[in-house]
Colleague: 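Once you've had a glance at the structure underneath, I'll fire off some questions.
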Amino acid sequence: MQRTNTARTRLRAAAGGTNRWVVLVVLCVSLLLVALDATVLHVAVPSVTEDLRPSATGLLWIVDAYPLVCASLLILFGTLGDRVGRRRVLLLGYALFGLASAVAALATVPEVLIAARALLGVGGAMIMPATLSILRAVFPDRRERATAIGIWTAVAAVGAATGPVIGGFLVEHFWWGSVFLINIPLMALILPLGRWLLPESRGVGDGPWDVLGALMAAAGVLGAVLGVKRLGAGESLLAFPTAAPLCAGAALLILFVRRQRRREHPLIDMRLFSRAAFTTSVGCIVLAMLALVGLELIAVQYLQLVLGLSPLETGLRLLPLTFAAMAAGATGSYTLRRIGPRRMVGWGFVLTAAAVLLLILMGQHDRPLLLTVGFVLLGFGLQTTLFSAYESMLSEAPPESAGGAAAIGETSYQLGAGMGIALLGSVMNAAYGPGLSRVPGVPDSASRAAANSLGEAYQVADGLGGEAGTALHRAARHAFVHGLHVTLFVSAGLLLLGALMALRLPRVMECTVDPEDLAERTPPTDARRPAVGPDGPAARDDRAARGEARPAVRVPATREAVEPAGSGRAAH
């Protein structure tokens, strides 16, 4: 009990300082770098291929090593931070990220670049859950925390969306290694700032850390994500390279869950999943990311291969989505307090589905206004959903389990992204291929090769030349647009399913008020302190004698709720 009180005192000290918003800035810069690195390399792939000459498998690992390693280690480092200190893990992640960035920028062979990308994944896995769990500790008041999470999720969206823009600019003006060099000065700045400004926090940490369980979780997530990514690359579910990691990953995750349920001091308290709000929030994160990443991938192909835009122009076309996401994050806290988690997540999914259906009007010709409106609605709707889902998930977890809860949320984020590429990519391929089966004047072998992707279809068409090449080029464009429309319909259906899932979330945003905080905000008059009852002096003295904590009070986060001390507003 003494250790719990000490942890609570540490959290109060971290939260009570006037610099908690400065802490949020440091955490957001950390997250921005990690989110940027997930997408900044995509536009540099042609330059990397030309310079390092990797094999097809090597190129795949250059791109996938970072997200695979990062996703697999989130639970390990998230729970480790709860035990040894979240700031300690975060600062080590900073150092490792900067070192790996330098190695990646100066790589001269594919193997070194793959190793550096894997090391970047280790650093990212240290940084991502630590930022969210420290945020949970620094902002114990749910209303302020909602504002902080809105800013945090908006920064994540900005990083992912601007990665291709920054990468395209750097590759056009410098060389591919510059996309990694930009991390080094920022990490050199943020490492001492983080050491100086960030408060240390940790969970209760009773019992030994389950090393075997952490490794089982890492291997299980790695197998699951690897199998899902192979499905997204078009491989068969029954193929050994796909089925083996999927089955092994699923088996290890099942064993991990059973192990955690049996242990007295588990890495992750599986009782969290018995809370409807927590489980529903995790499911909503998976569905939202499934839609976002799959749609972004197809949108990039459409903008570049159908409309003929350059990588930099493509990134600029996606900026409205980023600005809309920033607006949703900035207004998310206010909206959540007014309409509650259930309506916010549900209407966010409905708005996103409406945006997806609007984008079905896209054809083979550029319609900038339509694309801008669709991307704005898409960005605002998805960011609204992600913000409210993250906020609900984190608020359902106790402060001592913040690292584990953050790791679950980030793992769901990564799994949703991988599943989106696999599922929507498979739908796209299934709808695109039949359109090239019988093109007049085109040999069957050329049609089969063109059915792999639109980019390959263009290469085959250029090789054929003449009327056959023109016919194949035209048929491929028609087939791709048709596949895009089918994929958008499927995505809209999944988003509406998410809206139905959101009905299990709480109707009202409730804030847990610690009785000690309530006592500080409320004058201790005799009229407000009953002599008898569950909060009377006798009951309090009895609880103190037994070493029990005072029960928390849950109040709606509305204007009628008790205002935080020092807010400048009178309590209603």
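Quick note: numbers below take in every heavy atom, side chains included, and nothing from hydrogens, waters or symmetry partners.
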Colleague: Nearest 0.5 Å, please: how far is CG in Leu119 from CD1 in Ile114?
Modeller: 13.5 Å
Colleague: Measure the spacing between OG1 of Thr372 and CZ of Phe323 and express it to the nearest 0.5 Å.
Modeller: 11.5 Å
Colleague: With a 4.5 Å limit on heavy-atom distance, are the side chains of Arg87 and Leu91 in contact?
Modeller: yes
Colleague: Quick one: are Leu90 and Ile127 in side-chain contact, heavy atoms under 4.5 Å?
Modeller: yes
Colleague: Using the test ring pair (Phe, Tyr, Trp, His ring centres under 6.0 Å), find all partners of Phe278 that sit at least two apart in sequence or belong to another chain.
Modeller: Phe273
Colleague: If I take atom CG from residue Leu212 and atom CE from residue Met216, how far apart are they, to the nearest 0.5 angstrom?
Modeller: 6.0 Å
Colleague: If you apply the rule side chain to side chain contact (heavy atoms under 4.5 Å, CB included), what do you find for Leu371 with Leu359, and how did you get there?
Modeller: CA-CA 7 Å; Leu371 286 174; Leu359 291 175; 4.3 Å; yes
Colleague: Search all heavy atoms of Gly98 against all heavy atoms of Ile184 and return the closest pair with its distance.
Modeller: O-CG1, 4.0 Å
Colleague: Can you say whether the rings of Tyr302 and Phe480 are parallel (under 30°), tilted (30 to 60°) or perpendicular (over 60°)?
Modeller: parallel
Colleague: Starting from the C-alpha separation in whole Å, work towards a yes-or-no answer on side chain to side chain contact (heavy atoms under 4.5 Å, CB included) for Phe256 and Val221.
Modeller: CA-CA 11 Å; Phe256 170 76; Val221 173; over 6 Å; no
Colleague: How about CZ on Arg195, more than 12 heavy atoms from neighbouring residues, nucleotides or ligands closer than 6.0 Å, or not?
Modeller: no
Colleague: Counting C-beta onward and ignoring hydrogens, is there a side-chain heavy-atom pair between Phe380 and Thr331 closer than 4.5 Å?
Modeller: yes
Colleague: Run the side chain to side chain contact (heavy atoms under 4.5 Å, CB included) test on Met187 and Leu99 for me, step by step, so that the C-alpha distance in whole Å, both residues' side-chain angles and the decisive distance to 0.1 Å come before the verdict.
Modeller: CA-CA 9 Å; Met187 283 298 173; Leu99 175 64; over 6 Å; no
Colleague: With rounding to the nearest 0.5 Å, note down the distance linking CG in Leu191 to OH in Tyr94.
Modeller: 8.5 Å
Colleague: Indicate yes or no: at least one non-hydrogen side-chain atom of Leu96 is less than 4.5 angstrom from one of Val122.
Modeller: yes
Colleague: Suppose we screen for side chain to side chain contact (heavy atoms under 4.5 Å, CB included). Which residues come up paired with Thr352, at least two apart in sequence or across chains?
Modeller: Leu378, Leu382, Leu495
Colleague: Taking all non-hydrogen atoms of both residues, which atom of Thr385 and which atom of Gly348 are closest, and how far apart?
Modeller: OG1-C, 3.2 Å
Colleague: List the atom of Val69, the atom of Ala118, and the distance in Å for their closest heavy-atom pair.
Modeller: CG1-O, 3.4 Å
Colleague: When you compare the side chain of Trp196 with that of Val26, does any pair of heavy atoms fall below 4.5 Å?
Modeller: no
Colleague: Closest approach of Tyr66 and Gly124, non-hydrogen atoms and distance?
Modeller: OH-CA, 4.4 Å
Colleague: How far apart are the closest heavy atoms of Val103 and Ala116, and which atoms are they?
Modeller: CG1-CB, 3.8 Å
Colleague: My understanding is that only residues two or more places apart in sequence, or in another chain, count here; which of them pass salt bridge (Lys or Arg N to Asp or Glu O under 4.0 Å) with Arg259?
Modeller: Asp210
Colleague: How long is the straight-line distance from OG of Ser388 back to OH of Tyr390, given to the nearest 0.5 Å?
Modeller: 13.0 Å
Colleague: At what distance, to the nearest 0.5 angstrom, does CG of Leu106 lie from OG of Ser101?
Modeller: 10.5 Å
Colleague: Distance-only, no hydrogens or angles: does the Ser392 side chain make a donor-acceptor pair with backbone N or O of Ala389 under 3.5 Å?
Modeller: no
Colleague: Between Pro368 and Arg317, is there a side-chain heavy-atom distance shorter than 4.5 Å?
Modeller: yes
Colleague: Looking at side-chain heavy atoms only, is the closest gap between Leu24 and Val138 below 4.5 Å?
Modeller: no
Colleague: Looking at every heavy atom in both Met128 and Cys70, which two are closest together, and how far apart are they?
Modeller: SD-SG, 3.7 Å
